[in-house]
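The structure appears below as structure tokens.
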Amino acid sequence: MPSYTPPLRDMQFVMHELLNVIEDFKAIPQHAEMDVETINAVLEEAGKFASQVLFPLNISGDTEGCKYDRDTHAVTTPKGFKEAYAQYVEGGWPALSCDPAFGGQGLPLAVNQCFYEMMNSANQSWTMYPGLTHGAYASLHAHGTDEQKKTYLGKMTSGEWTGTMCLTEPHCGTDLGLMRTKAEPQADGTYRITGTKIFISAGEHDMAENIVHLVLARLPDAPPGIKGVSLFVVPKYLVNADGSLGERNSIHCGGIEHKMGIHANATCQMILEDAIGTMVGQPNKGMQGMFVMMNAARLGVGNQSLGLTEVAYQNALAYAKDRIQMRSLSGPKAKDKPADPIIVHPDVRKMLLTAKAYAEGGRALAIYCSVLLEKSHYHPDEKVRKDSEEMLSLLTPIVKAFLTDNGFQSAVMCQQVFGGHGFIKEWGMEQFVRDARINMIYEGTNTIQSLDLLGRKVLGNNGATLRKFGKLVAKLVEEEGVNEKMAEFINPIAYLGDQMTKFTTEIGFKGFQNPDEVGAAAVDYLRVAGHLVFGYFWARMAQVALREIAAGNKDPFYAAKLQTARFYFAKLFPETATLMRTARAGSKVLMDTDLALA
């Protein structure tokens, strides 16, 4: 059976030693009194909930799955899920980082980020039920009317009601301009919405008394394409004027998908037949509100893979220390045993260290982005808000795609450490692999994230935001450029930082002549950018570790951090050279292939 221990020490390292989040919070009025002790205490309790309540339900939930009743259209979640959700609500966890105006606790988003990483490690399928609610909450908080906020946000903050995002339709995935769901205006200001949505995570379940669906649909006079899409809030149960639940709305689950992974989350086909909804935001501008949800979801999906990377690594490490198989190539290490533990073998260590490096690098980036998100919303200085939003926009597709690519690779490697046992259900590793696979697909496939990064976030403003990140790298290089102990970390990012400008300009120039060049280079480009970002954070983590060791700190945590940083730069970061070469190979070998693909 697998196990899970919340990585509290590393979370504390990232927040308090690497990023020094308290200093950022001091500049934000509602967090000015926040302290290290409070954050650590909350996360310790959060870790207990994840490891003691959710983790024991992960394999059983996967085995049992969700059950759909064709007669009532009801979905029953696996045994224990509903009770775990009741504990989640009773503990006040849904309100952790929500607005106090709606009953929230108002804690920093970084705290919620760490909590959700732990829940994703413990049970990704379960965590998707409350996780999607945060995106729906954020969209209504940003674009809802006062009446909508009053009606929904308090209940969503408390966890009494959950939320979804209803975008995809059977004939269209990410190309939302093709959607056909219709919204007919009514005399009372509401709309009657008709259509079919698919792949709706947590679209129906038995864990909360109401589900608040945010639905994209077209008005009768809407212009074609994405500019003719509006956003509506459509509750499962209509809400009376006094806030109590009214009659059942005409939106129901028409079936649940049978999937490769995340079996315990209900992925629903949602049928709307003159369902009553109210508009969120302005007519034909629904994507403004939906992008709030989508961007939150993209960060959240990266966090899902971060959680799976961590739990897969922990279990593979424990197995590698215990499993004996053959002798070390350099001579026996466990002379009292008939064979050595497999952790003595170089390639086993490579697989373990890959997962460890990707988990710890991903954690640093994810928490950094949660601080940027906080500053973009609440910092009193408008320039800081704007700069934070711009940087977050650049990093969001990297969080979504780089972390999920790395997460799947890490889960497969950790499964490989188990050998044949990794293919057997009871060890839990094959579930981590199956669950991790969806993260590269939904909320915009990783190719779409790559096109977003290169086409919109980089070339769209002539590399201005990328250069701002480059300045962070350059500042670190300037600080540590003459420090010999930092050379193995600084030299690679300094070189790549210099190469990045030339690389981006070359791709942009070719793309100007032929747009397919951007499409051909985008996926490789994102991985190069991902390594630049990871390299920056790993260099900073090495900087902190060296500083502590030089000060006489004997905690082995810092020596371990240095060893992982050395591995990352020696074995993973060099991938960038190959990626830049394949990106430069261009589109011709892809597009002039009609005979090959006939």
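Taking the centre of each ring, Tyr536 and Phe469 come in below the 6.0 Å mark. The aromatic ring centres of Phe418 and Trp427 sit less than 6.0 Å apart. Taking the six-membered ring for Trp, Phe489 and Trp538 have ring centres at least 6.0 Å apart.
In this structure, the side chains of Asp524 and Thr578 stay at 4.5 Å or more apart for every pair of heavy atoms. Taking 4.5 Å as the limit, every side-chain heavy atom of Tyr368 sits out of range of all side-chain heavy atoms of Val371.
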**Request:** I would like to know whether Asn439 and Gln124 meet side-chain hydrogen bond (donor to acceptor under 3.5 Å, both in side chains); could you show each step before the answer?
**Result:** CA-CA 10 Å; Asn439 298 336; Gln124 176 174 320; 3.1 Å; yes
**Request:** Evaluate side-chain hydrogen bond (donor to acceptor under 3.5 Å, both in side chains) for Thr267 paired with Lys259, printing each intermediate quantity in order.
**Result:** CA-CA 8 Å; Thr267 304; Lys259 312 182 295 291; 3.1 Å; yes
**Verdict with reasoning, Leu562 to Leu546, per side chain to side chain contact (heavy atoms under 4.5 Å, CB included)** = CA-CA 8 Å; Leu562 269 182; Leu546 283 168; 3.5 Å; yes
**Item:** Working for side-chain hydrogen bond (donor to acceptor under 3.5 Å, both in side chains), residues Asp24 and His379
**Value:** CA-CA 9 Å; Asp24 281 315; His379 200 283; over 6 Å; no
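Side-chain contact check for Thr465 and Asn461: at least one donor-acceptor pair (N or O, by modelled atom type) lies under 3.5 Å. Remark: the Thr404 side chain and the Asn446 side chain contain an N/O donor-acceptor pair separated by less than 3.5 Å. With 3.5 Å as the limit, one finds no donor-acceptor pair spanning the side chains of Ser121 and Glu310. Asn295 and Thr396 are not linked by any side-chain donor-acceptor pair at a separation below 3.5 angstrom, with hydrogens and angles left out of the test. Tyr525 and Thr504 share a side-chain donor-acceptor pair at under 3.5 Å. Asp435 and His263 are not linked by any side-chain donor-acceptor pair at a separation below 3.5 angstrom, with hydrogens and angles left out of the test. His31 and Glu374 are linked by a side-chain donor-acceptor pair at a separation below 3.5 angstrom, with hydrogens and angles left out of the test. Tyr558 and Glu17 form a side-chain donor-acceptor contact under 3.5 Å, judged by distance and modelled atom types alone. Inspection of the Asn483 and Glu480 side chains reveals an N or O donor paired with an N or O acceptor under 3.5 Å. A side-chain donor-acceptor contact under 3.5 Å links Tyr442 and Gln304.
In this structure, Arg584 is not positioned above the aromatic face of Phe503 in the sense of NZ or CZ being under 6.0 Å from the six-membered ring centre and within 45° of the axis. Taking the ring centre of Phe402 as origin, the terminal cationic atom of Arg527 falls outside the region bounded by 6.0 Å and 45° from the ring axis.
Within the model, atoms CG of Asn265 and CD1 of Ile438 stand 10.5 Å from one another, a figure rounded to the nearest 0.5 Å. One distance of note links CE of Met351 with CG of Leu317; it measures 12.5 Å at 0.5 Å rounding. With rounding to the nearest 0.5 angstrom, the CG atom of Leu107 is 9.5 Å from the CZ atom of Phe25. How far OG1 of Thr354 is from CG of Leu572: 4.5 Å, rounded to the nearest 0.5 Å. Atom OG of residue Ser125 and atom CG of residue Asp62 lie 7.0 Å apart, to the nearest 0.5 angstrom.
Asp387 and Lys375 are not joined by a salt bridge, as no carboxylate oxygen comes within less than 4.0 angstrom of a charged side-chain nitrogen. Taking the charged nitrogens against the carboxylate oxygens, Asp555 and Arg9 do have a contact shorter than 4.0 Å, which makes a salt bridge. The pair Glu382-Lys386 does not meet the salt-bridge criterion, since no charged nitrogen lies less than 4.0 angstrom from a carboxylate oxygen.
Ring orientation note: the planes of His134 and Tyr116 are nearly perpendicular, at an angle over 60° on the 30°/60° scale. Ring geometry for Phe573 versus His531: interplanar angle over 60°, hence perpendicular rather than tilted (30 to 60°).
Within a 6.0 Å sphere centred on CZ of Phe509, heavy atoms belonging to other residues, nucleotides or ligands number 12 at most. Applying the 6.0 Å contact sphere to CD of Glu389 captures no more than 12 heavy atoms from other residues, nucleotides or ligands. Counted within 6.0 Å of CD on Gln409, heavy atoms from surrounding residues, nucleotides or ligands total more than 12; the atom is thus considered enclosed.
In this structure, the side chain of Ser410 does not engage the main chain of Gly407 through any donor-acceptor pair within 3.5 Å. No donor-acceptor pair closer than 3.5 Å links the side chain of Glu430 to the backbone N or O of Gly422.
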